[in-house]
*Asks:* 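Here it is: the structure, laid out below.
Below, chain A is the first sequence line, B the second, and so on; all start at residue 1.
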Protein chains: 2
Amino acid sequence: MQKKSSATIYDVANRVGVSLATVSRVVNGNSNVRESTKRKVLDAIEELGYHPNAVARGLASKKTTTIGVVMPDVTDMYYSELARGIDDVANMYHYDVLLTNTDEDPVRETMAVNNLASKQVDGIIFMGNELDNEIINTIIGVDAPVVLAGSVDEAGKLPSVNINYIDAVKEATEAIIKNGHTRVALVTGPMTHAINRLHRLVGYKAALEEAGLEFDESLLFSAHQDYASGLQIAEKLFLAEASAAVTYDDEIALGIMNYMREHGKRIPEDFEIITANDTKFTIITRPQLTSIGQPKYDIGAVAMRMLTKLMNNEVIEETQVQLPHSLERRGTTINPNHVIQ
Amino acid sequence: MQKKSSATIYDVANRVGVSLATVSRVVNGNSNVRESTKRKVLDAIEELGYHPNAVARGLASKKTTTIGVVMPDVTDMYYSELARGIDDVANMYHYDVLLTNTDEDPVRETMAVNNLASKQVDGIIFMGNELDNEIINTIIGVDAPVVLAGSVDEAGKLPSVNINYIDAVKEATEAIIKNGHTRVALVTGPMTHAINRLHRLVGYKAALEEAGLEFDESLLFSAHQDYASGLQIAEKLFLAEASAAVTYDDEIALGIMNYMREHGKRIPEDFEIITANDTKFTIITRPQLTSIGQPKYDIGAVAMRMLTKLMNNEVIEETQVQLPHSLERRGTTINPNHVIQ
DNA sequence: GTGAAAGCGCTAACAG
DNA sequence: CTGTTAGCGCTTTCAC
């Protein structure tokens, strides 16, 4: 079980009787090497068990083939599915990913980005909606391209990939209004986040307005994205006499659903719910959750693809990508079309 | 938005009029620096916006303060919770984590470990149970300590942190047998995996034997850990006339539960289920899932803690750590003690 | 096609 | 307490 300190490029050059440069050339697939010497070098590499030292290579070439991913929490299904999309295409392009959890704490987000920069990552994918000025500035100041995934900045200037949250929430709200509801609640995160104030809320209000319904501030709720918060909000929903809710997180929706049912409400007959992340949670419960459908894996994958282009200094036609969303009608809404499921 | 190519240690040394070594000393908190020059260096660092280049540092010091994490899939709740535990203590010790998904493919696992090694990580946490000889050998051959988390190797020789799967499954099986069942199924992954053959199955058989029940191979099922597999297995469970099941994955348990209920079985009256990962899934469904309780976050955290010790060449009393488990009685079993929940 | 030489930015003895 | 001097292992002009 002894650890042999691995061979260096120097060792293989020596063994074959060529220069470092030549070995470097074959290792990097450079064409300018005679086939016969290439052969010999390859053999020597095999025999010596030589593996290039990526750190040395990174220092010399100023490319680490590593990208950083900054995200709120790996255990959050929504983000972990984005992360999977990112990781898969990162691998496809031979990048490794350095992962950091921030719990959406701006201080940790800033530290994470700076730390990634000092590790000389070639690019960064950022997820999180607490995009205050400080974090925006550090993102802009970093010497590596950054793209937001499933997150929006206030100015809407940073490269990003998302769905159209305005439309998605508007459609969800409309669907519920069409079922006759007049008191539909909107459950989002804090209004200090652009995604809530400038997107979700706007979509919600638009649906209300088109339906001739008055906007009622008491029907607006802010909750942290977890099950416990859902339970808490549900109680308030009850008091506010809401008869339906559009929520931005599946765990919250679950909390609301369970609370309502345990307090005598039938779902969807007495209370309708539309959630927004369309994670596995929406399928495994009974009833299943009606949800805005969003291509989470693809959001991550496309963001990563965009990042590869940015890292190669390719020109990009559009850096504000919006992927298509849908409305997945399931069991927490009464569906107009007689879909028996 | 211009990216300033950041200052080097040479720049700050120059500015202050000291040598590189001195700057290096203050950056690394080395005590042997006069307070006044330290002050000046710190100021220069501030003014120049100097950030140490971790790659150069890694090459020179042969430490990257980066560890690798190899896992089946970030979107699997069980593993993502382990990953969170790992990441938190990694940060605590100022390590960054390089994450790789393998989908339990031995080829990708081997590649991942080798790749991590070439990136000169200081250590690796490995999760996955497809530990064949090749991957074991590459783990052993790597020039960095490796610890398994939530995974066991056949020989039980590698550093690892787990729960006692034998006992856990035995207790779960016993609990079900005590409720009068004679045909309790065991749903695990492939028997080629040590964790299934040498641990789970052994615990299951032990419970059977103590209860004087015959082992029936037709009550043994292997399934991939996802919801769809649960649905499929459920059908077979039905045919095998099992009246209860112990399963190793929550999504599988959910599939079984939903299938059974949709086919006229009441849970737990007609069919009892005990799952094993105790993820969020077990709480949000109705009924809630009875589960073996395991400290997932802690498994990751303790594994990472052990890795830090290994990386520092500290002596470790015990490299085969088993954390305590429990049995969380919830709604998919009939509970002896009159717990109204 | 191949080699020589100069770094990449930093750490780590070793002097003084 | 501080400076000098070698590298760490590899890429990359620039010659030949």
Side-chain angles (χ1 to χ4, degrees), chain A residues 4-42 44-45 48-66 94 115 117-122 143-144, chain B residues 4-42 44-45 48-66 94 115 117-122 143-144:
Chain A
K4 68 282 171 118
S5 62
S6 49
T8 72
I9 197 173
Y10 180 80
D11 297 327
V12 1
N14 248 14
R15 197 174 210 296
V16 184
V18 295
S19 72
L20 303 189
T22 300
V23 177
S24 178
R25 288 193 185 95
V26 351
V27 168
N28 293 296
N30 188 311
S31 49
N32 289 31
V33 182
R34 194 191 301 148
E35 189 59 34
S36 63
T37 76
K38 181 177 173 182
R39 195 59 296 121
K40 286 191 282 185
V41 170
L42 253 18
I45 286 177
L48 265 40
Y50 167 72
H51 288 285
N53 178 324
V55 174
R57 179 181 283 184
L59 182 59
S61 69
K62 310 202 148 288
K63 288 191 180 312
T64 54
T65 61
T66 299
H94 303 295
N115 179 240
S118 86
K119 289 253 171 163
Q120 313 298 120
V121 294
D122 296 337
D143 182 28
Chain B
K4 66 283 171 115
S5 64
S6 49
T8 72
I9 196 171
Y10 179 80
D11 298 326
V12 1
N14 248 15
R15 197 175 212 294
V16 184
V18 294
S19 72
L20 304 189
T22 300
V23 178
S24 177
R25 287 192 185 96
V26 349
V27 168
N28 293 296
N30 188 312
S31 50
N32 288 30
V33 183
R34 193 193 300 147
E35 189 58 35
S36 64
T37 75
K38 180 176 172 183
R39 193 66 288 126
K40 286 190 284 187
V41 170
L42 253 17
I45 286 177
L48 266 41
Y50 166 72
H51 288 286
N53 179 322
V55 174
R57 181 181 281 183
L59 183 59
S61 70
K62 313 206 145 282
K63 289 192 178 314
T64 54
T65 60
T66 299
H94 303 295
N115 179 241
S118 86
K119 289 254 171 165
Q120 314 297 119
V121 295
D122 296 336
D143 182 29

*Asks:* Please compare V23(A) and G17(B) by the position of their nearest nucleotide in DNA chain D and report the one closer to 5'.
*Replies:* G17(B)
*Asks:* Categorize V27(B) for me: base, sugar-phosphate, or nothing, with a 4.0 angstrom heavy-atom threshold over every strand shown.
*Replies:* nothing
*Asks:* Got a donor-acceptor contact below 3.5 angstrom from the T64(B) side chain to the Q120(B) backbone?
*Replies:* yes
*Asks:* Just verifying a value: how many Å separate H51(B) NE2 and T8(B) OG1, rounded to the nearest 0.5 Å?
*Replies:* 13.5 Å
*Asks:* Residues of residues 57-64 of chain A with any non-hydrogen atom less than 4.0 angstrom from an atom of DNA chain C: list those, numerically ordered, please.
*Replies:* L59(A), A60(A), K62(A)
*Asks:* For R15(A), what residues pass the side chain to side chain donor-acceptor pair (under 3.5 Å) criterion, not counting sequence neighbours?
*Replies:* E47(A)
*Asks:* Base, sugar-phosphate or nothing for N32(A)? Non-hydrogen atoms, less than 4.0 Å.
*Replies:* base
*Asks:* Tell me the interatomic distance from N30(A), atom CG, to dG1(C), atom P, rounded to whole angstroms.
*Replies:* 11 Å
*Asks:* For V27(B) versus Y50(B), what's the shortest heavy-atom pair and its separation?
*Replies:* CG2-CE2, 4.0 Å
*Asks:* Using a heavy-atom cut-off of under 4.0 Å over every strand shown, decide if T22(B) touches base, sugar-phosphate, or nothing.
*Replies:* sugar-phosphate
*Asks:* In whole angstrom, give the distance that lies between atom CG of N14(A) and atom C1' of dG3(C).
*Replies:* 14 Å
*Asks:* For V55(B), report the nucleic acid contact type (base, sugar-phosphate, nothing); a contact means any heavy atom under 4.0 Å.
*Replies:* nothing
*Asks:* Who passes side-chain contact (heavy atoms from CB on, under 4.5 Å) against K38(A), sequence neighbours left out?
*Replies:* V26(A), V33(A), E35(A), L42(A)
*Asks:* Quick one: K119(A) NZ to dG9(C) C1', roughly how many Å, whole number?
*Replies:* 15 Å
*Asks:* So, using side chain to side chain donor-acceptor pair (under 3.5 Å) as the criterion, who are the partners of S24(B) when residues are at least two apart?
*Replies:* N28(B)
*Asks:* Quick one: salt bridge (charged side-chain N to carboxylate O under 4.0 Å, His left out) pairs with a partner in residues 57-66 of chain A, sequence neighbours left out?
*Replies:* none
*Asks:* Counting only side-chain N and O atoms of S24(B), is one of them less than 4.0 Å from OP1 or OP2 of dA12(C)?
*Replies:* no
*Asks:* Anything under 4.0 Å to a heavy atom of chain A counts; send over the first and last such nucleotide of DNA chain D, read 5' to 3'.
*Replies:* dG9(D) to dT12(D)
*Asks:* Would you kindly compare Y10(B) and V18(A) by the position of their nearest DNA chain C nucleotide and give the one closer to the 5′ end?
*Replies:* V18(A)
*Asks:* Check the distance between dA4(C)'s P and L20(A)'s CG and give it to me in whole angstrom.
*Replies:* 9 Å
*Asks:* Shortest non-hydrogen contact from P52(B) to S118(A)?
*Replies:* O-CB, 3.5 Å
*Asks:* Between V121(A) and A144(A), what is the shortest heavy-atom contact and its length?
*Replies:* O-CB, 3.8 Å
*Asks:* Within this structure, what is the OG1-CD1 distance for the pair T22(A) and I9(A), rounded to the nearest 0.5 Å?
*Replies:* 9.5 Å
*Asks:* Just report the end-to-end axis angle for the helix from dG1(C)-dC16(D) to dG16(C)-dC1(D), five pairs per end, to 10 degrees.
*Replies:* 30°
*Asks:* So which protein N/O to nucleotides 13-16 of chain C N/O distances come out below 3.5 Å?
*Replies:*
none

*Asks:* Whole Å only: how far is the CG atom of N53(B) from the C1' atom of dT11(C)?
*Replies:* 13 Å
*Asks:* Quick one: list whatever passes side chain to side chain donor-acceptor pair (under 3.5 Å) with N14(B), sequence neighbours left out.
*Replies:* none
*Asks:* Under the side chain to side chain donor-acceptor pair (under 3.5 Å) rule, collect the residues that match up with T65(A), sequence neighbours excluded.
*Replies:* K119(B)
*Asks:* Could I get the full list of side-chain contact (heavy atoms from CB on, under 4.5 Å) partners for A56(A), not counting sequence neighbours?
*Replies:* N53(A), L59(B)
